[in-house]
Enquirer: 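Supplied in structure tokens, the structure appears directly below.
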Amino acid sequence: MMSKNSFLVNMKENNKRRIWVWVISILCFVLAYPVGVALMIKQAQTNLDWIKAEYGAAAESILQSRLLENVKYMVGTSFILMGFTVAIAVIAGIQGFSYLYSRKKTDFYMGMPVKQSRRFLVIWVNGILIFLLPYLMGMGISLLLAAGNQACNGEILATALRAFGIHFCLFLGMYHLSILAVMLTGNMVVTGLGLLVLCLYEFMVRAVDYSYKSLFFRYFGGHFYEQVPLFSPIGLYEKLVSGSGREGIMLAAMLALSLVIGLLSCFCYCKRPPEAAGKAMAFAKLGTVIKILLVIPAALFVGEIVGGVVDFYPLSDMDGVWHVLTAIVLTAILGCGVIQVIYEFDIRGALHQKRHILICVVLAAGCFGIYRYDLFGFDRFVPKPDQVESIAFIPSTYDEGGYSDSWIDRDSLKLISGMEYAKRYMYLQNVEDVCLLADYSMGEYNKIDQAAGEDEENGYWSYATILYRMKSGRTAERVVYINMEDEQSLGLLEKIIDSNEFLEGYNVAATDVLERKIEQTEGFKLSFQFGNGVYENRLSAQDTRELLAAYREDLKETGFQEKRQEVPVGVLSMETESAYWYYGGGSTSDWWNVGLNIYPSYERCIKLLAEKDCEVESQLQTEDIAQIVVVNENQDVELLREQEYLSGEEVMVDPSAVTTMVKKSYTGQEKIARIAESIYPEEMVDYRWDNGPQADYEISVIVYFKPGTMMDKQYGTNAYYRFIKGTVPDFVLADTAYVQE
């Protein structure tokens, strides 16, 4: 016979008042979860007749791929399962301990011959079972349903089990956070507000910190700034499923955070005074701390919004600063009043605790001053070389070929950003050169009048992100602006960019990762493109492997200074071509492309390309061109006229009413040939980080192609080109010069 005081009996009694929570959990996981899987299977089977007619023998493979992808999405870390998990965690956590909101119920439970720790454990275990059992039942039904439709294999099973583990960690975190919110408050409304604060507070603080650093600090980059909360179950879950953190580390962090919050909740439960029932805050002194911690970032946030409205930009001038400070002070005053009203459930509470208002105003204004005057020296920081373990030096868009926007992780072969790639794989050891370049460039850049802005007289400034990995274990990120017309800067850049550590950490083709990715990818397109994509020669996988090997050799032998004098002759392009079906929608989930610039000095690549019948001598074939239209904006003339007008000198008309643009069309083969040999595709000369050959932005060239040519068949009728500065033929300048009537 089971004792009336046994743990199982206590659990059974507790479950009698939690039936409705069980019902919600069962509806979510046992009903909605399998129904979602069934719908995804049905969606994958839509248009089956069309697929068979279109793809013939390949239809079965396509259908199977669609089924597996749809089921994999639904049983994995889907938004639906995440939403169900968070909802059940919050409901189970708050409902389980909601008796604490009533003084009468609290006295009743406290009078029972059950230890506080036993009561807490009973409610806690039942809450976990409310999630655990329905989830496992729903997952089992879903997998059986998938298996019945030939949409279940080892990968699907592994995905479902992995998702269960991740969602269980998420549940524990949110469950404990909800319990903590109950322990700190005394009624349902304040508990809900408290839970929102616990979930979002760190995000708000990080967002405000990021915004103010961006506003006040010239060398703040923010590429590696962690805006996702690290002490939030949802934040850790987001990092885990997005792949921005190591899975094992993220899972361990979620469990550790859940454990800490759980122990804290249990501690607060044991220390919670019985008279806290019905009050806003269970611990009065804690309420003061929470008020101050809430008001300060809220005041700074409102100040930032007002700053945006009044165009407050402190890096150039301080106009609008008093508007911002006024908004911060008023928000601090109002915020303190509103929170005190919530605490006391009385509108008259807004005038109470005036010392709290003073503290919040002073602290909020003080935080503004810290950013305003850089009291912690953030913008002046350049570490000494002996403090640095290694460095990642990441130039913005340096040597990117075409529209390349994909980098591939060397271990997982998944797509990552270029910044993340350099963070993981670039470890420069010549830290002295990088630190010297940063210190020197920051000193020179500080001499520029930021209010007047950068112009050609100040040099050609390009920016790069520097990630310092300190020997102390921390990291520091800075953005530096480098004058590409300064000889000392160029000399240091040559040492940095020509190093093997930089090449292998910045250029995805410097290792064998592309070859491994190509072997893994189906429906892949390999080609050499030139002439603004007008001309394209398809390559085989073997051709590309040979070219990549040659590219690596040329990359290492061609120095930074040599490359910056050249314009690419073409782009070695790699991209997925045929999308496989995903979610029944017909688009790819793993589309990627990489473009590698081929320069005239890349002798091995050019030799191989010539053997593959790839043109590298010119960007355009004259026989394909019907006409060329040159458009000269004559900006120098327009600027001169505007200056004359503004200075009050006599001019015929308002310059804004007259355009200085001149167009000229060329159809003769001789002039077309002379222009064609002097122009380059826009994207090859549009922007050069290294201050290489620059486009003449005053003159644009539109090339119209003859009907039936490759361009006309594949892309349309025209493409856009540019001259390099100083290379515009004399007859073009004469034909397109502005002549004032």
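This one's a predicted model, so the numbers in the text were calculated from it and none came from an experiment. Along the sequence shown, the residues carry numbers beginning at 1.
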Enquirer: If we count only N and O atoms by modelled type, under 3.5 Å, do the side chains of Q340 and K291 hold a donor and an acceptor together?
Expert: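 Per modelled atom types, Q340 and K291 side chains form a pair under 3.5 Å.
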Enquirer: I'd like to know if the side chain of D374 and the backbone of G377 have a donor-acceptor N/O pair within less than 3.5 Å.
Expert: yes
Enquirer: Over all heavy atoms of both residues, which pair between M204 and P297 is shortest? Give the atoms and the distance, please.
Expert: CE-CG, 3.7 Å
Enquirer: State whether the side chain of Y343 and the backbone N or O of G287 hold a donor-acceptor pair below 3.5 Å, judged by distance alone.
Expert: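 Side chain of Y343 to backbone of G287: a pair is present.
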Enquirer: Quick one: pull up CE in M174 and CG in L198 and give me the separation to the nearest 0.5 Å.
Expert: 9.0 Å
Enquirer: Does the side chain of R469 come under 3.5 Å of the side chain of S390 through a donor N or O and an acceptor N or O?
Expert: yes
Enquirer: Could you state the interatomic distance from CD1 (I26) to CD1 (I130), rounded to the nearest 0.5 Å?
Expert: 9.5 Å
Enquirer: Using the benzene-type ring in the case of Trp, are the ring centres of H167 and Y237 under 6.0 Å apart?
Expert: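 Between Y237 and H167, which both carry aromatic rings, the centre distance is below 6.0 Å.
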Enquirer: Which pair of non-hydrogen atoms, one from M183 and one from C268, has the smallest distance, and what is that distance?
Expert: CB-CB, 3.7 Å
Enquirer: Does atom CZ (F216) have a neighbourhood of more than 12 heavy atoms from anything else shown, all under 6.0 Å?
Expert: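 Enclosed: over 12 neighbouring heavy atoms sit under 6.0 Å from CZ of F216.
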Enquirer: Count the heavy atoms of every other residue, nucleotide or ligand shown that sit under 6.0 Å from NZ of K471, and state whether that count exceeds 12.
Expert: yes
Enquirer: Using a 3.5 Å distance criterion without hydrogens, assess whether the side chain of E477 forms a donor-acceptor pair with backbone atoms of F224.
Expert: yes
Enquirer: May I ask you to decide if A151's main-chain N or O and N149's side chain share a donor-acceptor pair within less than 3.5 Å?
Expert: no
Enquirer: Under the 6.0 Å and 45° cation-pi test, does R478 pair with F381?
Expert: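 Geometry flag: not set, cation outside 6.0 Å or 45°.
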Enquirer: Is the terminal nitrogen or CZ of R474 (NZ for Lys, CZ for Arg) located under 6.0 angstrom from the six-membered ring centre of Y468 and within 45° of that ring's axis?
Expert: no
Enquirer: Please determine whether side-chain contact (heavy atoms from CB on, under 4.5 Å) holds for the pair R424 and I416, giving the CA-CA distance in whole Å, both sets of side-chain angles, and the decisive distance to 0.1 Å.
Expert: CA-CA 10 Å; R424 294 184 186 182; I416 56 177; 4.0 Å; yes
Enquirer: Minimum heavy-atom separation for S258 to H176, with atom names?
Expert: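 Smallest heavy-atom distance, with atoms named: O-ND1, 2.7 Å.
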Enquirer: State the CG-CD1 distance between L100 and I179, to the nearest 0.5 angstrom.
Expert: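 One finds 11.0 Å between CG of L100 and CD1 of I179.
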Enquirer: Can F220 and Y210 be said to form a ring-ring contact (aromatic ring centres under 6.0 Å, His included), step by step?
Expert: CA-CA 9 Å; F220 173 70; Y210 180 90; 5.3 Å; yes
Enquirer: List for me each residue that meets ring-ring contact (aromatic ring centres under 6.0 Å, His included) alongside F283, sequence neighbours excluded, and say none if there are none.
Expert: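 Testing F283 for ring-ring contact (aromatic ring centres under 6.0 Å, His included), a comparison that skips the adjacent residues, returns none.
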Enquirer: Quick one: does N126's side chain get under 4.5 Å of L129's, heavy atoms only?
Expert: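 Yes - at least one pair of side-chain heavy atoms lies under 4.5 Å apart.
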Enquirer: Assess whether atom CZ of F231 is packed by more than 12 heavy atoms of other residues, nucleotides or ligands within 6.0 Å.
Expert: no
Enquirer: In Å and rounded to the nearest 0.5 Å, what is the SG to NZ distance from C266 to K271?
Expert: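 Rounded to the nearest 0.5 Å, the SG-NZ separation comes out at 11.5 Å.
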Enquirer: Taking only residues two or more places apart in sequence, or in another chain, which ones meet A364 in a side-chain contact (heavy atoms from CB on, under 4.5 Å)?
Expert: A299, I328
Enquirer: Between the main-chain N or O of D409 and the side-chain N or O of E420, is there a donor-acceptor pair closer than 3.5 Å?
Expert: no
Enquirer: Give a yes or no on whether the backbone of L293 and the side-chain of Y201 come within a donor-acceptor separation of less than 3.5 Å.
Expert: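 Side chain of Y201 to backbone of L293, a donor-acceptor pair under 3.5 Å: yes, one is there.
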Enquirer: Do M40 and K42 touch side chain to side chain, with heavy atoms closer than 4.5 Å?
Expert: no
Enquirer: I need the minimum non-hydrogen distance between M470 and P383, along with the two atoms involved.
Expert: CE-CB, 3.6 Å
Enquirer: Once you round to the nearest 0.5 Å, how far does CG of L177 lie from CG of L172?
Expert: 12.0 Å
Enquirer: Considering only heavy atoms from C-beta outward, does the side chain of Y269 approach that of V182 to under 4.5 Å?
Expert: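 Of all side-chain heavy-atom pairs linking V182 with Y269, none is under 4.5 Å.
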Enquirer: Are the aromatic rings of F97 and F120 close, with centres under 6.0 Å apart?
Expert: yes
Enquirer: Holding to side-chain hydrogen bond (donor to acceptor under 3.5 Å, both in side chains), I want the full list of residues that pass it with T85, two or more places apart in sequence or in another chain.
Expert: none
Enquirer: Would you check, one step at a time, whether the test side-chain contact (heavy atoms from CB on, under 4.5 Å) holds for L184 with L180?
Expert: CA-CA 6 Å; L184 297 178; L180 180 61; 4.1 Å; yes
Enquirer: Just wondering, are more than 12 heavy atoms of other shown residues or ligands nearer than 6.0 Å to CE in M82?
Expert: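 Atom CE in M82 is packed in, count exceeds 12.
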Enquirer: Please determine whether side-chain contact (heavy atoms from CB on, under 4.5 Å) holds for the pair F301 and T331, giving the CA-CA distance in whole Å, both sets of side-chain angles, and the decisive distance to 0.1 Å.
Expert: CA-CA 9 Å; F301 177 72; T331 304; over 6 Å; no
Enquirer: Could you tell me the separation between the SG atom of C360 and the CG atom of L294, rounded to the nearest 0.5 Å?
Expert: 9.5 Å
Enquirer: For residues V35 and L39, determine if any side-chain heavy atom of one lies less than 4.5 Å from a side-chain heavy atom of the other.
Expert: yes
Enquirer: Would you name the heavy atoms of G93 and S178 that are closest together and state the gap between them?
Expert: CA-CB, 4.2 Å
Enquirer: So L236 and L240, do their side chains get closer than 4.5 Å, heavy atoms only?
Expert: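 The answer is no, as the side chains (C-beta and beyond) never meet within the 4.5 Å cut-off.
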Enquirer: Look only at the side chain of T77 and the backbone of V241, and say whether a donor-acceptor pair between them is shorter than 3.5 Å.
Expert: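 Answer holds: no.
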Enquirer: Near I347 CD1, under 6.0 Å, is it more than 12 heavy atoms from other residues, nucleotides or ligands?
Expert: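 Check fails, neighbour count at 12 or below.
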Enquirer: Minimum heavy-atom separation for C336 to V295, with atom names?
Expert: N-CG2, 3.8 Å
Enquirer: Can a donor-acceptor pair be found between the side chains of S211 and E304 at a distance below 3.5 Å?
Expert: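 Yes, E304 and S211 have a side-chain donor paired with an acceptor closer than 3.5 Å.
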Enquirer: Ring centres under 6.0 Å, that's the criterion: do Y33 and F84 meet it?
Expert: no
Enquirer: Does the plane of the ring in Y135 sit parallel, tilted or perpendicular to the ring in F164? Use 30° and 60° as the thresholds.
Expert: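 Plane angle between 30° and 60°, so tilted.
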Enquirer: Kindly indicate whether the side chain of V388, heavy atoms from C-beta on, has any atom under 4.5 Å from the side chain of I391.
Expert: yes
Enquirer: If only atom types and distance count, is the side chain of Y175 paired as donor or acceptor with the main-chain N or O of W124 below 3.5 Å?
Expert: yes
Enquirer: Indicate yes or no for a side-chain donor-acceptor contact from Y425 to the backbone of R410 under 3.5 Å, with no hydrogens or angles considered.
Expert: yes
Enquirer: Is the shortest heavy-atom distance from the side chain of F29 to the side chain of L132 under 4.5 Å?
Expert: no
Enquirer: Given side-chain contact (heavy atoms from CB on, under 4.5 Å), test Y212 with F368 step by step and report yes or no.
Expert: CA-CA 8 Å; Y212 273 78; F368 179 86; 3.8 Å; yes
Enquirer: Do L467 and K423 make a side-chain contact, defined as non-hydrogen atoms from C-beta onward lying under 4.5 Å apart?
Expert: yes
Enquirer: Under a 3.5 Å distance rule, please check whether R18 uses its side chain to pair with a backbone N or O of A92 as donor and acceptor.
Expert: yes
